[in-house]
Amino acid sequence: MIDFKMTIAELLNEKIEAMTVEEIYDTIEYPKHEDMGDYAFPCFRLAKAFRKAPNMIAADIVEAIGSHAYFETIESVAAYINFKIDKAVFAKAVLEEISEKGDQYGATDIGENKNLIVEFSSVNIAKAFHMGHIRSTMIGNALYKIFGFLGFNAISINHLGDYGTQFGKMIVAYKKWGDKDVILKDPVRELVKLYVKFHEEAENDPVLDDTAREWFTKLENGDQEAYELWAWMKELSLVEFDRVYDMLGVHFDSYAGESFYSDKIPAVLEEMRNKNIMKKSEGAEIVDLEPHNMPPALITKKDGSSLYITRDIAAAMYRKSHYDFVKNIYVVGAPQQLHFKQWMKIIELMGHEWAKDCVHVEFGTVSLEEGSMSTRKGRVIYLEEVLLKAVESTKAIIEEKNPNLENKDEVAKQVGVGAVVYQELSNNRIKDYTFSWESTLSFEGETGPYVMYTHARACSVLRKADVEFSAGIEYKHLGDDASKDVIRLLSKFPEVVLESARKYEPAMVTRYVTNLAQRFNRFYHDNPILVDDVEVKKARLALVDATRQTIKTGLNLVGLAAPERM
RNA sequence: GCGUCACUAGCUCAGUUGGAUAGAGCAACGGCCUUCUAAGCCGUAGGUCUGGGGUUCGAAUCCCUAGUGACGCGCCA
């Protein structure tokens with residue numbers, strides 16, 4: 001595709017000696033309003049070099065450039081030079097590019113097939129897979145897909161919370177109050193009940209906590225009974241979790257969780273001791289991080305058993321040696337920021353330069369109107385329940401609007417789940433939000449169903465087209481503003497994907513497809529597509545097809561399906 | 001106490017890393033289906049970008065300060 005931005009940079013460089021082509025390229029921006037043009041170059045910074053007012057500079061440069069075949073107009077407005085690309089040239093460049101590349105439009109090979117790890121979801125065994133977990137799960141899944149699209153060999157890891165003192169608690173609770181048959185009827189919910197009961201009882205009986213710690217230490221030391229109970233709970237949990245992952249279309253390359261690293265911890269502790277970065281404190285071992293403006297990190301407890309941070313350090317070390325990653329990404333909530341800063345600093349103190357390749361992608365908290373979600377307090381909304389309800393609502397809408405649709409159940413699942421996922425990925429990840437059934441089950445405006453609906457509409461028109469439009473298209477027929485708006489947006493897709501990867505922000509892609517859907521719907525409304533004039537029809541169909549493709553690719557990148565009918 | 005983050009329309013949020021007239025959706029009001037899917041489109045109304053300083057040609061964006069809210073800070077994960 002013609003690189004319009006680079007063309008402009010080179011054109012300007014001939015008139016501006018004070019800046020390099022690269023500097024000019026980086027200074028070029030998009031005008032705030034589309035009627036001003038497609039690209040703009042602000043001249044403020046040239047004032048000193050030219051010893052003139054910026055608006056004079058702009059006017060002079062415009063005059064010096066004159067005209068160019070790619071551009072409809074090159075104008076100066078105040079201190080800006082605005083470039084408006086010729087509509088037919090633009091349409092041809094963009095639509096042919098998309099048509100050629102198909103579902104690879106926007107893809108790159110900058111990853112050079114190097115290993116890139118995305119750790120996400122990381123749910124806790126024997127605990128609720130609740131609405132709060134959708135964040136890590138879907139943000140991580142989107143990053144996994146986006147980085148894969150950019151040529152990395154992305155590896156998804158579900159760092160299961162399957163270890164730690166909490167399992168001591170579960171074992172104690174099960175032995176005291178558990179009933180195998182009751183648990184088998186509804187495993188996770190029953191296990192959660194035991195967990196809740198443990199905490200209620202422990203309030204008045206601190207001995208329980210000590211017993212729990214003892215059981216975890218037993219588990220860590222390979223006690224048969226502890227191991228069997230733990231393995232059983234893990235298995236029961238995973239069956240349920242996989243049901244949800246399946247609904248979400250999420251796949252993991254590895255389920256190596258915290259327990260996986262338990263036998264790798266001693267070697268890490270050894271290394272830390274040898275490198276002299278730990279010291280004893282009140283019977284425990286800590287790393288003093290005061291020189292780095294952080295509180296000390298507790299590495300081993302006074303009974304010698306491991307902690308969360310110990311396992312994360314061991315996991316990172318293992319991953320470096322096993323995968324030799326170029327990037328190791330952790331999609332974990334913002335409240336754990338300090339934890340990540342601490343252990344990444346410790347890796348650095350151990351002398352591992354790859355500490356800089358570890359990234360904590362943090363996100364805000366989902367809460368309920370009653371307060372933050374807490375398994376311990378029994379205050380949770382199960383993710384599966386939300387998904388099922390969304391699918392059910394979608395089904396009702398289909399029955400009403402499109403009763404003759406063939407595969408209603410499958411579409412209802414795609415659209416319903418999509419609505420929930422879209423909601424999750426539409427805001428910048430750092431934002432906290434309060435879960436609401438009303439907004440989750442609303443399917444109008446900036447929602448997943450809206451974007452999917454737009455895609456389905458495009459598919460529908462294409463199905464009804466009775467001409468071949470793969471070649472011989474007269475792009476001059478796409479000269480109206482609505483068409484140009486769509487084309488301009490289509491042209492930006494590759495850089496949006498790159499930027500979303502750079503910022504680890506899938507919402508950029510979600511917002512982009514929403515924007516594209518909005519523009520396309522205007523085009524669709526203003527321009528009848530299946531008209532008698534064959535030339536016009538072919539040109540518009542080409543636009544429809546390119547939009548269909550780009551919406552689909554975008555939706556897929558954030559883990560959403562793009563049904564062809566709904 | 002120390003630290004991190006957030007604050008933009010009634011509500012939920014964008015705002016291209018400092019640029020032009022701050023934009024969407026929801027809610028409200030008014031229009032558009034005998035023509036390609038109305039889960040749609042168009043229009044009206046809605047703003048002291050939390051307050052106050054500063055930096056400069058130029059600030060929602062950077063710095064300082066105050067406020068409000070959320071979160072974190074040694075034996076949980």
Side-chain angles (χ1 to χ4, degrees), chain A residues 29-33 36 40 42 44-45 47-48 53-54 77-80 82 122 124 127 161 163-166 169 209 212-213 258 281-286 293-303 305 307-309 311-312 333-339 341-342 362 364-365 367 372 376 394 397-398 400-402 405 415 419 423 426-428 430-434 436 438-439 442-454 456-465 492 495-496 499 503 507-508 511 514-515 517-518 521-522 524-531 540 544 565-566:
Chain A
E29 57 192 51
Y30 298 118
K32 206 148 205 153
H33 295 89
M36 296 191 279
F44 302 100
R45 253 170 267 177
K48 272 182 189 147
V77 178
Y80 288 87
N82 291 335
S122 307
N124 291 317
K127 282 217 223 165
Y163 226 51
T165 310
Q166 52 175 328
K169 294 177 182 175
D209 279 322
R213 269 190 285 271
E258 293 182 43
S281 170
E282 296 166 38
E285 284 174 295
I286 64 162
N293 293 317
M294 283 186 269
L298 193 64
I299 307 297
T300 64
K301 297 188 237 177
K302 60 186 168 200
D303 69 0
S305 63
L307 282 154
Y308 183 44
I309 196 166
R311 295 190 283 273
D312 260 337
Q336 293 190 43
Q337 192 199 63
L338 178 60
H339 164 77
K341 279 175 80 171
Q342 284 181 320
E362 57 188 334
T365 306
S367 55
S372 61
R376 192 177 297 190
T394 306
I397 293 171
I398 292 173
E400 180 199 325
K401 296 185 188 275
N402 197 356
L405 187 68
V415 177
Q423 166 181 261
S426 57
N427 294 342
N428 285 347
I430 198 63
K431 297 273 181 186
D432 293 341
Y433 75 90
T434 305
S436 124
E438 197 194 340
S439 66
S442 109
F443 301 150
E444 285 166 26
E446 294 172 340
T447 65
Y450 169 81
V451 180
M452 291 180 178
Y453 173 78
T454 307
R457 261 180 154 182
C459 290
S460 177
V461 181
L462 293 166
R463 271 196 305 274
K464 290 180 178 160
K492 291 179 183 171
E495 66 191 78
V496 168
E499 189 67 1
K503 290 182 169 173
M508 290 192 70
R511 275 198 300 273
T514 307
N515 229 307
Q518 285 171 336
N521 278 324
R522 186 180 305 162
Y524 179 91
H525 185 266
D526 292 354
N527 301 61
I529 296 152
L530 303 174
V531 290
R540 289 184 180 159
V544 174
R565 300 170 206 253
M566 65 184 268

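Each chain gets a letter, A, B and so on, in the order its sequence line appears, and its residues count up from 1.
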Worksheet item: So, is A/R213 close to the B/rC76 phosphate, meaning a side-chain N or O under 4.0 Å from OP1 or OP2?
Response: yes
Item to complete: Report yes or no: is the cationic atom of A/K401 (NZ for Lys, CZ for Arg) under 6.0 Å from the centre of the six-membered ring of A/Y453, at an angle within 45° of the ring normal?
Response: no
Fill in: Shortest non-hydrogen contact from A/G161 toward A/E258
CA-OE2, 3.6 Å
Practice prompt. Please tell me which of A/G161 and A/E499 maps to the more 5' nucleotide of RNA chain B, matching each residue to the nucleotide holding its nearest heavy atom.
Written response: A/E499
Discussion item. If the cut-off is 4.0 Å, is A/Y453 near the phosphate of B/rA39, judged by side-chain N/O to OP1 or OP2?
Written reply: yes
Item to complete: Select base, sugar-phosphate, or nothing to describe what A/E362 touches, counting heavy atoms under 4.0 Å on all strands.
Response: nothing
Practice prompt. Examine the base of B/rA38 for any acceptor or donor lying under 3.5 Å from a partner atom in the side chain of A/N521, and report the outcome as yes or no.
Written response: no
Worksheet item: When you compare B/rG10 with B/rA45, how far apart are their C1' atoms, in angstrom units rounded to a whole number?
Response: 12 Å
Discussion item. Assuming nearest nucleotide by heavy-atom distance, tell me which of A/I398 and A/P528 is located more 5' along RNA chain B.
Written reply: A/P528
Worksheet item: Does the side chain of A/R540 get closer than 4.0 angstrom to OP1 or OP2 of B/rC36 through an N or O atom?
Response: no
Discussion item. Can you see if the side chain of A/R565 gets near the phosphate of B/rU37 - specifically, an N or O under 4.0 Å from OP1 or OP2?
Written reply: no
Worksheet item: Can you list the stems that include RNA chain B, where a stem is three or more consecutive Watson-Crick or G-U pairs with distances under 3.5 Å?
Response: B:1-7 with B:67-73, B:10-13 with B:23-26, B:28-32 with B:40-44, B:50-54 with B:62-66
Discussion item. From the set B/rA77, B/rA14, B/rC75, return the single nucleotide nearest to any side-chain atom of A/E258.
Written reply: B/rA77
Fill in: Side-chain N or O of A/H33 closer than 4.0 Å to phosphate OP1/OP2 of B/rG23
yes
Discussion item. Please tell me if A/K32 has a side-chain N or O lying less than 4.0 Å from either OP1 or OP2 of B/rU16.
Written reply: no
Worksheet item: Base, sugar-phosphate, or nothing: which does A/S281 touch, judged by heavy atoms less than 4.0 Å apart?
Response: base
Worksheet item: Is B/rC26 syn or is it anti, if syn means the base angle is within 90 degrees of 0?
Response: anti
Worksheet item: Does OP1 or OP2 of B/rG15 have a side-chain N or O of A/R511 closer than 4.0 Å?
Response: yes
Practice prompt. Output yes when at least one side-chain N/O atom of A/K431 is less than 4.0 Å from OP1 or OP2 of B/rA14, else no.
Written response: yes
Discussion item. Please report the distance separating the C1' of B/rU8 from the corresponding atom of B/rU50, rounded so that it comes out in whole Å.
Written reply: 10 Å
Worksheet item: So, is A/T165 close to the B/rC76 phosphate, meaning a side-chain N or O under 4.0 Å from OP1 or OP2?
Response: yes
Worksheet item: What nucleotide among B/rC36, B/rC5, B/rG25 has an atom nearest to a side-chain atom of A/I430?
Response: B/rC5
Worksheet entry | Under 4.0 angstrom between A/K341 side-chain N/O and B/rG3 OP1 or OP2 | no
Worksheet item: Are any of A/R457's side-chain N or O atoms less than 4.0 Å away from OP1 or OP2 of B/rC36?
Response: no
Discussion item. Does a side-chain N or O of A/Y524 approach OP1 or OP2 of B/rU35 to a distance below 4.0 Å, or not?
Written reply: no
Fill in: Inter-nucleotide P distance (B/rA9, B/rC2), Å rounded
31 Å
Discussion item. If we ignore hydrogens and angles and just use 3.5 Å, is the side chain of A/N402 paired with the main-chain N or O of A/I398 as donor and acceptor?
Written reply: no
Worksheet item: Looking across every strand, which nucleic acid part, if any, lies under 4.0 Å from A/D312 by heavy atom: base, sugar-phosphate, or nothing?
Response: nothing
Worksheet item: Does the side chain of A/N428 get closer than 4.0 angstrom to OP1 or OP2 of B/rA14 through an N or O atom?
Response: yes
Discussion item. Heavy atoms only, 4.0 Å cut-off, all strands: where does A/P31 land among base, sugar-phosphate and nothing?
Written reply: base
